[in-house]
Novice: 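Just passing along the structure, written as structure tokens.
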Amino acid sequence: MSRLVIISNRVAVPKAMGVAGAQGGLAGALNSALKKHRGIWFGWSGEETDSFTGDISIQRHDGVTTATMDLEKQDVDEYYNGYANSTLWPLFHYRIDLTEYEREFGRGYERVNERFAQSCSPLIEPDDNVWVHDYHLLPLGERLRSRGIKNRLGFFLHIPWPPTRLLVSLPYHERLVQTMLHYDLLGFQNNEWLESFLHYCRKELHAEVDEETGRIELDGHVTHARAYPIGIDYDHFMAQGQTGDAKQAEQRMISSTRRRTAAIGVDRLDYSKGLPERIDGLGRFFDQHPERVRDLVYIQIAPPSRADIGSYKKIRGELEQKTGQINGARSEVDLVPIRYVNKGHSAAELFGFFRASKICLVTPLRDGMNLVAKEYIAAQDPEDPGVLILSRFAGAAQQLTDAVMVNPHSPDDLSHAIKQALDMPLAERKERWEKLIVTVRDDNVIRWTENFTSDLETVSRD
Ligand code: F6P
């Protein structure tokens, strides 16, 4: 078996994972993937340096070898806070209203991609398979090729791919997408994003596209694009559920909610997650069913994320205001309807919180996949499972079709779903959960890794 070199913005060492590290996400998933392969994981250290050196620090952490480099403050501002998270992230989540098009962001993005190529190419051996991840590094394949790297290069996009009519608002969009055609294999979370990508290549680049096989040819470059829905590390998460931390978290939640039904949401504090819209839905439920305020307590865990970016500061303020309004209007001396927690929690604690919650709200306005939805299902008691309320705009909705589906923009729809979940009989809860758990258990992160890497090794290069 060839060695696997994984390249992503963050790697799974505590500093580089950021505050939201335990809330699922790419770093956790790849950590599990890499444990099964001999290989190395390269990324940004999460540290800033005065002047870029390209020096690499190698560490072994939790059974995985990581190699990291530091970036300059200007790199972090222009590449991470700038082009990746103020241009591509909002645009790829269909938020053209929040998308910033600054020339220096684009320059910083290109410079940092070149820095990634410079620092990691000496680590790549001739027989390695190289797997690049996410929107921070779209042009990295082309940068590696220009340094003479001939290895098989794969790329996986963890977030949605936007419709062509939105993507064309990005200055130099053709140049950006053309760089992606230097990879041998491109992976997307589901068919919707895959079809959007193929449509763009046909319509804007005039590439030769075979919709059946996903083969794309342009100017002598051949690449293949396919859908690979990511899953959770099921065995690892279930093992977390057996720990003292998980049991304690479950008990804490049960004893603090007593006779009320606990509903939970766990999301990075990000406008794509639909948090203010979700709180509006809860407010509508309380308005429509005031007699049920005593039946429900909603716990929102929302660790802050990308806190230097204006749109993220704004969403935090908005959420605090909305939660405060509802609690002000609906609280009693012995009752607070919404608990809003800003800190992150370990996977074991989340397992316990999920198990004690009879409802989980996963209602993003747009999401590549959403692994919280899958973790919630995994953590349920088979004899008394809770109900997953899932946005039809999450990538996970294409697989978890037995969840209660909602339009997260509609407070009435959310209110109706909450009522339906509260009143759902045990037999229906079991019937839905028994179907959901099959996908969550079987389409796990190990299978995802094997599917992608075996295609990368065998996909035709002409
Ligand atoms: O997949 C989206 C993503 O950017 C991942 O790369 C990452 O794990 C997660 O969101 C958290 O974001 P950040 O790395 O910016 O904290």
Side-chain angles (χ1 to χ4, degrees), residues 1-13 16-17 25-44 56 58 63-69 84 112-113 116-117 119-145 147 149-159 161 179-189 193-194 197 214 216 221-233 368-369 371 443-461:
M1 188 169 56
S2 295
R3 209 173 66 133
L4 186 63
V5 176
I6 288 185
I7 309 172
S8 63
N9 177 54
R10 289 194 193 276
V11 299
V13 291
M17 277 180 84
L26 180 152
L30 290 186
N31 202 32
S32 313
L34 203 59
K35 273 186 201 160
K36 302 272 161 187
H37 286 257
R38 206 169 44 91
I40 193 157
W41 186 356
F42 181 81
W44 171 38
I56 290 171
I58 308 252
V64 170
T65 304
T66 56
T68 55
M69 63 169 184
V112 172
N113 269 271
F116 265 79
S119 296
C120 78
S121 41
L123 298 173
I124 300 172
E125 293 170 7
D127 285 339
D128 290 347
N129 291 318
V130 180
W131 192 7
V132 178
H133 290 262
D134 233 357
Y135 59 102
H136 315 84
L137 302 174
L138 296 172
L140 182 60
E142 189 251 351
R143 296 287 80 219
L144 290 171
R145 292 275 184 243
R147 288 176 170 271
I149 299 289
K150 302 219 169 3
N151 303 54
R152 287 187 172 258
L153 297 181
F155 175 86
F156 187 81
L157 185 69
H158 290 255
I159 67 173
W161 184 267
T179 63
M180 293 172 68
L181 305 184
H182 290 255
Y183 291 105
D184 296 299
L185 180 62
L186 297 166
F188 296 86
Q189 295 274 26
W193 325 133
L194 171 65
F197 182 78
I216 305 166
H221 295 292
V222 173
T223 186
H224 284 79
R226 292 179 189 160
Y228 300 89
I230 197 170
I232 61 168
D233 188 345
M369 172 56 69
L371 295 179
D443 295 339
N444 56 44
V445 78
I446 308 300
R447 182 176 283 188
W448 172 76
T449 312
E450 297 308 337
N451 286 345
F452 189 94
T453 52
S454 68
D455 281 2
L456 180 59
E457 282 186 355
T458 52
V459 76
S460 143
R461 302 178 99 176

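Keep in mind that the numbers below use all heavy atoms, side chains included, and drop hydrogens, waters and symmetry copies. We're numbering straight along the sequence, starting at 1.
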Novice: How many angstroms lie between atom CG of Leu157 and atom CG of Leu194, to the nearest 0.5 angstrom?
Specialist: 11.0 Å
Novice: For the residue pair Ser8 and Trp41, what are the closest heavy atoms and their distance?
Specialist: OG-NE1, 2.9 Å
Novice: For the residue pair Thr458 and Ser454, what are the closest heavy atoms and their distance?
Specialist: OG1-O, 2.8 Å
Novice: Taking salt bridge (Lys or Arg N to Asp or Glu O under 4.0 Å) as the definition, give me every residue that meets it alongside Arg152, ordered by chain and number, with sequence neighbours left out.
Specialist: none
Novice: For the atom pair CG (Leu4) and CG (Leu456), what is the distance rounded to the nearest 0.5 Å?
Specialist: 8.0 Å
Novice: Return the minimal non-hydrogen interatomic distance between Leu137 and Asn113, and the atom names on each side.
Specialist: CA-OD1, 3.3 Å
Novice: Rounded to the nearest 0.5 Å, how far does CG of Asn451 lie from CD1 of Ile230?
Specialist: 12.0 Å
Novice: Once side-chain contact (heavy atoms from CB on, under 4.5 Å) is applied, do any residues pair with Ser119, and if so which ones, sequence neighbours excluded?
Specialist: Phe42, Phe52, Ile56, Met69
Novice: With a 4.5 Å cut-off on side-chain heavy atoms, are Leu144 and Ile124 touching?
Specialist: yes
Novice: Can Arg226 and Val459 be said to form a side chain to side chain contact (heavy atoms under 4.5 Å, CB included), step by step?
Specialist: CA-CA 11 Å; Arg226 292 179 189 160; Val459 76; 4.0 Å; yes
Novice: Closest heavy-atom contact between Leu371 and Ile232?
Specialist: O-CG2, 3.9 Å
Novice: Looking at residues at least two apart in the chain, or sitting in another chain, which of them share a side-chain hydrogen bond (donor to acceptor under 3.5 Å, both in side chains) with Glu457?
Specialist: Asn129
Novice: On a heavy-atom basis, which atom in Val445 and which in Gly231 lie closest, and how many Å separate them?
Specialist: CB-O, 3.4 Å
Novice: Please identify each residue that fulfils side-chain contact (heavy atoms from CB on, under 4.5 Å) with Thr223, with sequence neighbours left out.
Specialist: Leu181, Leu186, Ile216
Novice: Considering residues at least two apart in sequence or located in another chain, which fulfil the side-chain contact (heavy atoms from CB on, under 4.5 Å) criterion with Asn444?
Specialist: Tyr234, Ile446, Arg447
Novice: Can you check whether Val130 reaches Ile7 side chain to side chain, under 4.5 Å on heavy atoms?
Specialist: yes
Novice: Looking at every heavy atom in both Pro126 and Asn151, which two are closest together, and how far apart are they?
Specialist: O-ND2, 3.2 Å
Novice: Report the distance from atom CG of Asp184 to atom NE2 of His224, rounding to the nearest 0.5 Å.
Specialist: 9.5 Å
Novice: With sequence neighbours left out, write down each residue that passes ring-ring contact (aromatic ring centres under 6.0 Å, His included) with Phe197, or none if nothing qualifies.
Specialist: Trp161, Phe188
Novice: Is there side-chain contact between Leu140 and Tyr183, with at least one heavy-atom pair below 4.5 Å?
Specialist: yes
Novice: Within this structure, what is the CZ-SG distance for the pair Arg143 and Cys120, rounded to the nearest 0.5 Å?
Specialist: 12.5 Å
Novice: How would you list, by chain and number, every residue that makes a side-chain contact (heavy atoms from CB on, under 4.5 Å) with His182, sequence neighbours excluded?
Specialist: Glu142, Arg145, His221
Novice: Apply ring-ring contact (aromatic ring centres under 6.0 Å, His included) to Phe156 and list each qualifying residue two or more places apart in sequence or on a separate chain.
Specialist: His158, Trp448
Novice: Just jot down the side-chain hydrogen bond (donor to acceptor under 3.5 Å, both in side chains) partners of Ser121, sequence neighbours excluded, or say none.
Specialist: none
Novice: Residues in ring-ring contact (aromatic ring centres under 6.0 Å, His included) with Tyr228, at least two apart?
Specialist: Phe452
Novice: Enter the distance from Phe155:CZ to His133:NE2 here, rounded to the nearest 0.5 Å.
Specialist: 9.0 Å
